[in-house]
Amino acid sequence: MKLVSLYGVGRDDSFRTACPVCGNTLIGDAEKGEEVCPLCGYVTSAPADSGPEWKAMDMEEKNRRVRVGAPTTLALHDMGLTTEIGRSGRDSRGKYLDPSMRTNMEKLRKWQSRSRTSTSEERGLSNVLGKMGELCSALNLPDNVKETAAKIYRDSAKRKVAKSKSIIGMTAATVYLACRKCGVSRTLKEVARAANMDKGSVARYFRLVLKEVEKEYVPPPSVEKYISKLVNTAKIDPKVERLALSLAGRATDPKITSGKAPAGLAAAYVYLSSVMYGAHLPQREVAEFAEVTEVTVRNRCRDILENFVIRQEFSPAK
DNA sequence: ATGGTTTTTACTGCGTC
DNA sequence: GACGCGGTAAAAACCAT
């Protein structure tokens, strides 16, 4: 199999920008008109962005506007809306309170913070959302995924789906579903690993949540997403990524794609592309980063080479 | 539960550095 | 001889029914 130099090498990748979060190369997402970072999942125009909707132009403006308070967020059980009773010991005009009033305020504060998470549902919610936050940061997920996960969990709680279900199971399932909804490529395996669960039970919870809350099927991330992620985590030359992506974009033959695990396909494209550039990554490594076996990589390669265009479109001979 | 499909496991042979 | 690669058979995992 001699594929080297079948494909033109000089390609322009100057339009690429770097991810502000982790510094990786962003890839464009044509359908949605946004750019995403395949490694950390950062999206340039995040739909569920929880940041403040204003931008302070100078200190004065900041001071004026800061009183609108923190932006609401679904990832906190009370959406970040709560009254804090300060401990400054002064009244509204800045005068010091007398000692008896101070002890009163102490009591009030105590009860305020207690009542904040008073009902059992509220306590459960804040517990789950906390776990969810941990899981998200363990997986390096961006905020929009966290918000989506929180939204899903709230819905499921509303419908009593979460009743008498393991907390960690529900969080793992919602986080995984959120990844898929946001198009962030994290495998069930990865989520399960981060949550210290086995794949099977996460899958069970996931199906449950999918059926009860999400109703319609959410497709797993595309092969292209897998390719980008693979290239970035393995620190492969972006040129290889671009070739792999263009290859994947053209290989629409169902003989190649149907029923095949996207991770394996992505690995095959990346491997083939690296060979074409003469950058010869060992199958071993590509397979390892894609979390599939060499055998799978080989089989996918065989499918691609048998059915696909490398002969028709990429070879000068034909 | 089941059967069909895909992936993994485990092993072997070949060529090259 | 170690390494990368290709292949195969059988087991395991997955998925729709």
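Computed from a predicted model, the values in this text were never measured in an experiment. Within every chain, numbering begins at 1; the chains are lettered A, B, ... in the order of the sequence lines, protein sequences first and strands thereafter. Just so it is clear, the values below take in all heavy atoms, side chains as well, and ignore hydrogens, waters and symmetry mates.
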Check nucleotides 4-13 of chain B against the protein and report each pair of N or O atoms closer than 3.5 Å, with its distance, or say if there are none.
from: dT6(B); atom 1: OP1; to: Lys260(A); atom 2: NZ; distance (Å): 3.3
from: dT7(B); atom 1: OP1; to: Ala261(A); atom 2: N; distance (Å): 2.7
from: dT7(B); atom 1: OP2; to: Arg300(A); atom 2: NH1; distance (Å): 2.5
from: dT8(B); atom 1: OP2; to: Thr293(A); atom 2: N; distance (Å): 3.2
from: dT8(B); atom 1: OP2; to: Thr293(A); atom 2: OG1; distance (Å): 2.7
from: dT8(B); atom 1: OP2; to: Thr296(A); atom 2: OG1; distance (Å): 2.3
from: dT8(B); atom 1: O5'; to: Thr293(A); atom 2: OG1; distance (Å): 3.4

Atom [atom1] of [X] and atom [atom2] of [N]: how far apart are they, to the nearest Å?
X	N	atom1	atom2	answer
Lys211(A)	dC15(C)	NZ	P	16 Å
Leu281(A)	dC3(C)	CG	P	18 Å
Arg284(A)	dC3(C)	CZ	C1'	12 Å
Arg204(A)	dC15(C)	CZ	C1'	16 Å
Leu188(A)	dC14(C)	CG	C1'	12 Å
His280(A)	dG15(B)	NE2	C1'	13 Å

Derivation and outcome, side chain to side chain contact (heavy atoms under 4.5 Å, CB included), residues Leu247(A) and Met276(A): CA-CA 11 Å; Leu247(A) 233 42; Met276(A) 290 189 210; 3.7 Å; yes

Worked check of side chain to side chain contact (heavy atoms under 4.5 Å, CB included) between Glu212(A) and Arg159(A): CA-CA 8 Å; Glu212(A) 300 296 329; Arg159(A) 288 165 213 227; 5.8 Å; no

same_hphob_cluster(Tyr271(A), Val295(A)) at 4.5 Å side-chain heavy-atom cutoff: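 No, no single cluster joins them.
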
Trace of the side chain to side chain contact (heavy atoms under 4.5 Å, CB included) decision for Met132(A) with Leu129(A): CA-CA 5 Å; Met132(A) 213 135 73; Leu129(A) 293 173; 3.4 Å; yes

Lys/Arg-Asp/Glu bridge criterion (N-O < 4.0 Å) met for Glu288(A), Arg284(A):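 Yes, charged N to carboxylate O under 4.0 Å.
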
Whichever of Arg207(A) and Gln283(A) has its nearest DNA chain C nucleotide further upstream toward 5':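 Nearer the 5' end of the strand: Gln283(A).
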
Residues that Tyr226(A) engages under ring-ring contact (aromatic ring centres under 6.0 Å, His included), provided they are two or more places apart: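 For Tyr226(A) there are no ring-ring contact (aromatic ring centres under 6.0 Å, His included) partners, ignoring immediate neighbours.
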
